[in-house]
**Q** 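Please read through the structure below; I'll follow up with questions.
In what follows, every heavy atom counts, from backbone to side chain, and hydrogens, waters and symmetry copies are set aside.
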Amino acid sequence: MKLDPIGVAVPFFMALIGLEWVISVASKKKVYRLNDTLTDLSCGIGDQLLGFLAKGTLAFVYIWIYENLRIYTFDASSWVSWVFAMLGVDFFHYWYHRFSHRTQLGWATHVVHHQSEEYNLAVALRQSWFAKFYSWVFYIPLAYLGVPVELYVASYAFNLLYQFWVHTRLINRLPAVFEWVFNTPSHHRVHHAINAKYLDKNYAGVLILWDRMFGTFEAEVEEPLYGTLKPIQSWSAAWVNVSPCMKLLRDSLSEERFFDKLTLWARPPGWDTKTARVIQVPKFPPDGREYDVNPRRTAMIYALIQFGPVSLLLTALLLVPDQWPSNVAWIAVVYGFWTLASVAAIYEQRSWVRSFEVGRLIGVLAAGLWILSNYYTTSVIGLVTLGIVVHCYLGLGILAVTHFAGRPRVTA
């Protein structure tokens, strides 16, 4: 049985997020907000759920090129091959990341990672749902050069895992020799900042050397301000992912010339066709920051309780993907997204949230009982499903006495 390294890492991610929160509270630093953190985690869970469904399809092109067009074959047992693969993945990540900031298409699918106005380990998990459907193109040269798919996958996973720890405000500067070579929390804080001197800097994954080589490095000097120049005012993981893509599509369709409709996708963010230049946001900090909604404490606790099983389900899906029949996997993914939508609706105080949540719980109970009647002998599926069924049954009881109506919405 092959273990997905991301699946193995999920419990450690959660534990480290909890540890960072404890340290921040003890040191009296405001690093986390619960609604913001749940949105971060919802984006990460949604990304992995979509990746679980599309994993085989996305790997197909890489495998085909490697098997039919490669010009060399790297030996997966050689340390030289591992070093080459690690460097190659990190190099192409730099260019993918730079593309994500300097083109409308890239930014529309990457901006979600930058929307949080906090900066903590949970932000590392705030991943785009749609970038994966084209980002693989940047790594195709590795298949052509002869890097075996298992070596590429392992190197890519390492690159992704490394970037988790750099999303923190609790680690200041590290020894100069380390910071000169590697990406660090200080370097990546610059990348997430919207201060004028920090914009579009420090694209590094593991090695900051690429930024130094290609002129995009900036050292952390002044205090960073996090978020985006056009703040998003939503706790819905679906909306924060979909709305930038919808805006780009609308902007493209509104262009008069067909040429402009096509080329807008490759233009820099903020591009104005009429003036042929990028329109800058005139005010700093921009308007619309510090968006918040204040539901009752009971609603916040209820949402948090309902959120927990989704994380456990994702871990089970990633750890033992071969044990999930396709129909059960689809049910699991639907349950995951339905729960994320309900949690967001609770935090945004939507008027329809109670009926939506009742429907979700009843639907999950029905699907869970069907799965148990057909797959009760499968240990992983049976245990996970039984846990979710019991959880939702209790959820119906808690829902009956939970007050969702909260204090008025507060928007800066």
**Q** Is there side-chain contact between Pro268 and Trp107, with at least one heavy-atom pair below 4.5 Å?
**A**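 Contact flag for Pro268/Trp107 side chains = no.
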**Q** Side chain of Asn195, backbone of Leu225: donor and acceptor closer than 3.5 Å?
**A**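 Between the backbone of Leu225 and the side chain of Asn195 there is a qualifying donor-acceptor contact (under 3.5 Å).
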**Q** Is it the case that Thr103 and Trp265 place a side-chain donor and acceptor less than 3.5 Å from each other?
**A**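 No - no donor-acceptor pair under 3.5 Å links their side chains.
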**Q** Taking the ring centre of each residue, are Phe214 and Tyr94 less than 6.0 Å apart?
**A**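 Ring centres of Tyr94 and Phe214 closer than 6.0 Å.
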**Q** Measure the shortest side-chain to side-chain distance between Thr109 and Phe133 over non-hydrogen atoms and say whether it is less than 4.5 angstrom.
**A**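 With C-beta onward as the side chain, the pair stays apart.
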**Q** Look at Arg354 together with Glu357 and state whether they make a salt bridge at an N to O cut-off of under 4.0 Å.
**A**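 Answer for the salt bridge query: no.
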**Q** Under a 4.5 Å cut-off applied to non-hydrogen side-chain atoms, are Lys201 and His191 in contact?
**A**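 Of all side-chain heavy-atom pairs linking His191 with Lys201, none is under 4.5 Å.
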**Q** Using a cut-off of 6.0 Å, state whether more than 12 heavy atoms not belonging to Tyr144 lie near its atom OH.
**A**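 No, OH of Tyr144 has 12 or fewer neighbouring heavy atoms, counting only those of other groups under 6.0 Å.
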**Q** Taking the six-membered ring for Trp, are Tyr291 and Trp235 ring centroids under 6.0 Å apart?
**A**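 Yes, they do, as the ring centres are separated by less than 6.0 Å.
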**Q** State, yes or no, whether a side-chain contact exists between Pro185 and His188 at a heavy-atom distance under 4.5 Å.
**A**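 Pro185 vs His188: side chains apart.
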**Q** Go through the steps to decide whether Arg70 and Ile65 satisfy the test side chain to side chain contact (heavy atoms under 4.5 Å, CB included), and finish with yes or no.
**A** CA-CA 7 Å; Arg70 70 180 185 272; Ile65 292 176; over 6 Å; no
**Q** Between His187 and Phe217, how do the two ring planes meet: parallel, tilted or perpendicular, split at 30° and 60°?
**A**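 If you compare the ring of His187 with that of Phe217, the planes turn out perpendicular.
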**Q** Indicate yes or no for a side-chain donor-acceptor contact from Ser78 to the backbone of Phe74 under 3.5 Å, with no hydrogens or angles considered.
**A**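 Not at all, since once roles are kept as given, no pair shorter than 3.5 Å links the two residues.
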**Q** Show your reasoning for whether side-chain hydrogen bond (donor to acceptor under 3.5 Å, both in side chains) applies to Asp36 and Ser116.
**A** CA-CA 7 Å; Asp36 179 80; Ser116 175; 2.9 Å; yes
**Q** Counting only N and O atoms by type, is there a donor-acceptor contact under 3.5 Å from the side chain of Ser254 to the main-chain atoms of Asp251?
**A**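 Indeed, once roles are kept as given, a pair shorter than 3.5 Å links the two residues.
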**Q** Are the side chain of Ser81 and the backbone of Ser77 linked by a donor-acceptor contact shorter than 3.5 Å?
**A**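 Not a single qualifying donor-acceptor pair exists.
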**Q** Let me see the working for Val111 and Gln115 under side chain to side chain contact (heavy atoms under 4.5 Å, CB included), right down to the final yes or no.
**A** CA-CA 6 Å; Val111 63; Gln115 290 164 343; 4.0 Å; yes
**Q** What heavy-atom pair brings Ser128 and Lys132 nearest, and what distance separates the two atoms?
**A**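 Heavy-atom minimum between the residues: O-NZ, 3.9 Å.
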**Q** Return the minimal non-hydrogen interatomic distance between Tyr335 and Val364, and the atom names on each side.
**A**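 Heavy atoms only, the tightest pair is CD1-CG2, 3.3 Å.
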**Q** Are side-chain heavy atoms of Leu125 and Asp40 found at a separation under 4.5 Å?
**A**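 No, too far: nothing below the 4.5 Å cut-off.
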**Q** CD of Glu222: more than 12 outside heavy atoms within 6.0 angstrom?
**A**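 Result for CD/Glu222: enclosed.
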**Q** Is it true that His167 and His113 have ring centroids separated by less than 6.0 Å?
**A**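 His167 vs His113: aromatic centres under 6.0 Å.
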**Q** Give a yes or no on whether the ring-centroid distance for Trp129 and Phe337 is below 6.0 angstrom.
**A**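 Centroid separation for Trp129 and Phe337: below 6.0 Å.
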**Q** Considering non-hydrogen atoms only, spot the tightest contact between Asp90 and Leu207 and give its length.
**A**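 Closest approach of Asp90 to Leu207: OD2-N, 3.0 Å.
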**Q** Would Thr275 and Asp272 count as a side-chain hydrogen bond (donor to acceptor under 3.5 Å, both in side chains) if you check the C-alpha gap in whole Å, the side-chain angles of each, and the deciding distance to 0.1 Å?
**A** CA-CA 6 Å; Thr275 60; Asp272 180 66; 2.7 Å; yes
**Q** Starting from the C-alpha separation in whole Å, work towards a yes-or-no answer on side-chain hydrogen bond (donor to acceptor under 3.5 Å, both in side chains) for Ser236 and Tyr347.
**A** CA-CA 9 Å; Ser236 167; Tyr347 275 87; over 6 Å; no
**Q** Between Asp200 and Arg102, is there a side-chain N and carboxylate O pair less than 4.0 Å apart?
**A**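 Yes, charged N to carboxylate O under 4.0 Å.
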**Q** Give a yes or no answer on whether the side chain of Ser342 reaches the backbone of Trp338 with a donor-acceptor pair at less than 3.5 Å.
**A**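 No; zero donor-acceptor contacts below 3.5 Å.
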**Q** Locate the shortest heavy-atom distance separating Phe130 from Asn241; write the atom from each residue and the value.
**A**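 Nearest pair, atom of Phe130 first, then Asn241: CE1-O, 3.6 Å.
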**Q** Can you tell if the side chain of Phe13 reaches within under 4.5 Å of the side chain of Leu121, non-hydrogen atoms only?
**A**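 Of all side-chain heavy-atom pairs linking Leu121 with Phe13, none is under 4.5 Å.
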**Q** Do the side chains of Tyr96 and Ser100 get nearer than 4.5 Å, heavy atoms only?
**A**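 Yes, at least one pair of side-chain atoms sits under 4.5 Å.
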**Q** Please evaluate residues Glu348 and Ser234 with respect to the criterion side chain to side chain contact (heavy atoms under 4.5 Å, CB included), reporting the C-alpha separation (whole Å), side-chain torsions for both, the decisive distance (0.1 Å), and the verdict.
**A** CA-CA 7 Å; Glu348 293 193 334; Ser234 175; 2.8 Å; yes
**Q** Taking atom CH2 of Trp79 as the centre, does the number of heavy atoms from other residues, nucleotides or ligands within less than 6.0 Å exceed 12?
**A**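 For Trp79, atom CH2 is not crowded (no more than 12 foreign heavy atoms under 6.0 Å).
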**Q** Strictly under 6.0 Å, is that where the ring centroids of Tyr139 and Tyr62 end up?
**A**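 No, the ring of Tyr139 stays outside the 6.0 Å limit from the ring of Tyr62, centre to centre.
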**Q** Is there a donor-acceptor contact under 3.5 Å from the side chain of Arg189 to the main chain of Tyr119?
**A**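 No, because the side chain of Arg189 does not come within donor-acceptor range (under 3.5 Å) of the backbone of Tyr119.
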**Q** Could you walk me through whether Thr339 and Arg360 satisfy the side-chain hydrogen bond (donor to acceptor under 3.5 Å, both in side chains) test, starting with their C-alpha distance in whole Å, then the side-chain angles of each, then the deciding distance to 0.1 Å, before giving a yes or no?
**A** CA-CA 7 Å; Thr339 303; Arg360 183 188 74 87; 2.7 Å; yes
**Q** Quick one, Tyr302 and Ile346 - any side-chain contact, counting heavy atoms below 4.5 Å?
**A**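 Of all side-chain heavy-atom pairs linking Ile346 with Tyr302, at least one is under 4.5 Å.
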**Q** Taking atom CH2 of Trp21 as the centre, does the number of heavy atoms from other residues, nucleotides or ligands within less than 6.0 Å exceed 12?
**A**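 No.
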**Q** Considering all heavy atoms of both residues, which atom of His192 and which atom of Val123 are nearest to each other, and what is their separation?
**A**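 That closest heavy-atom pairing would be CE1-CG1, 3.9 Å.
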**Q** Check whether more than 12 heavy atoms from other residues, nucleotides or ligands sit under 6.0 Å from atom NZ of Lys261, and answer yes or no.
**A**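 Buried by this count: over 12 neighbours within 6.0 Å.
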**Q** Do Thr273 and Glu255 have a side chain donor and acceptor closer than 3.5 Å?
**A**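 Yes.
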**Q** For residues Gly270 and Gln104, report the shortest heavy-atom separation together with the two atoms involved.
**A**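 Heavy atoms only, the tightest pair is N-NE2, 4.1 Å.
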**Q** List the steps, then state whether side chain to side chain contact (heavy atoms under 4.5 Å, CB included) holds for Val384 with Trp324.
**A** CA-CA 11 Å; Val384 171; Trp324 293 82; 4.2 Å; yes
**Q** Do side-chain atoms of Gln163 reach the backbone of Asn159 as a donor and acceptor pair under 3.5 angstrom?
**A**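 Side chain of Gln163 to backbone of Asn159, a donor-acceptor pair under 3.5 Å: yes, one is there.
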**Q** Please work out which of the three classes, parallel, tilted or perpendicular, describes the rings of Tyr162 and Trp165, given edges at 30° and 60°.
**A**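 It falls in the perpendicular class, over 60°.
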**Q** With Arg98 as the cation and Tyr203 as the aromatic partner, state whether NZ or CZ is under 6.0 Å from the six-membered ring centre and within 45° of the axis.
**A**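 No.
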**Q** I'd like to know if the side chain of Ser243 reaches the main chain of Trp239, judged simply by a donor and an acceptor atom lying under 3.5 Å from each other, with no hydrogens or angles considered.
**A**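 Flag set: sc Ser243 to bb Trp239 pair under 3.5 Å.
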**Q** Under a plain distance cut-off of 3.5 Å, with no hydrogens placed, do Asn202 and Asp211 share a side-chain donor-acceptor pair?
**A**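 There is no such pair between these side chains.
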**Q** Step through the shown structure and confirm whether more than 12 heavy atoms of other residues, nucleotides or ligands are within 6.0 Å of CH2 on Trp95.
**A**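 Yes, because the 6.0 Å sphere around CH2 of Trp95 holds more than 12 heavy atoms from other groups.
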**Q** What do you reckon, are the aromatic ring centroids of Tyr226 and His114 less than 6.0 Å apart?
**A**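 Distance test on ring centres: not under 6.0 Å, no.
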**Q** Quick one: list whatever passes side-chain contact (heavy atoms from CB on, under 4.5 Å) with Val221, sequence neighbours left out.
**A**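 If we apply the side-chain contact (heavy atoms from CB on, under 4.5 Å) test to Val221, skipping adjacent residues, the hits are Lys197, Tyr198.
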**Q** Is it the case that more than 12 heavy atoms not belonging to Trp370 sit under 6.0 Å from its CH2 atom?
**A**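 Yes.
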**Q** Quick check, are the ring centers of Phe92 and Phe138 under 6.0 angstrom apart?
**A**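 Ring centroids of Phe92 and Phe138 are no less than 6.0 Å from each other.
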**Q** Ignoring hydrogens and geometry, is there a side-chain-to-backbone donor-acceptor pair from Glu179 to Leu174 under 3.5 Å?
**A**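 Such a contact is found between Glu179 side chain and Leu174 backbone.
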**Q** Keeping the roles fixed (side chain from Asn183, backbone from Ala204), state whether a donor-acceptor pair exists under 3.5 Å.
**A**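 Yes, Asn183 side chain to Ala204 backbone: donor-acceptor pair under 3.5 Å.
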**Q** Distance alone, cut at 3.5 Å: any donor-acceptor contact between the side chains of Thr168 and Glu20?
**A**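 Side chains of Thr168 and Glu20: pair found under 3.5 Å.
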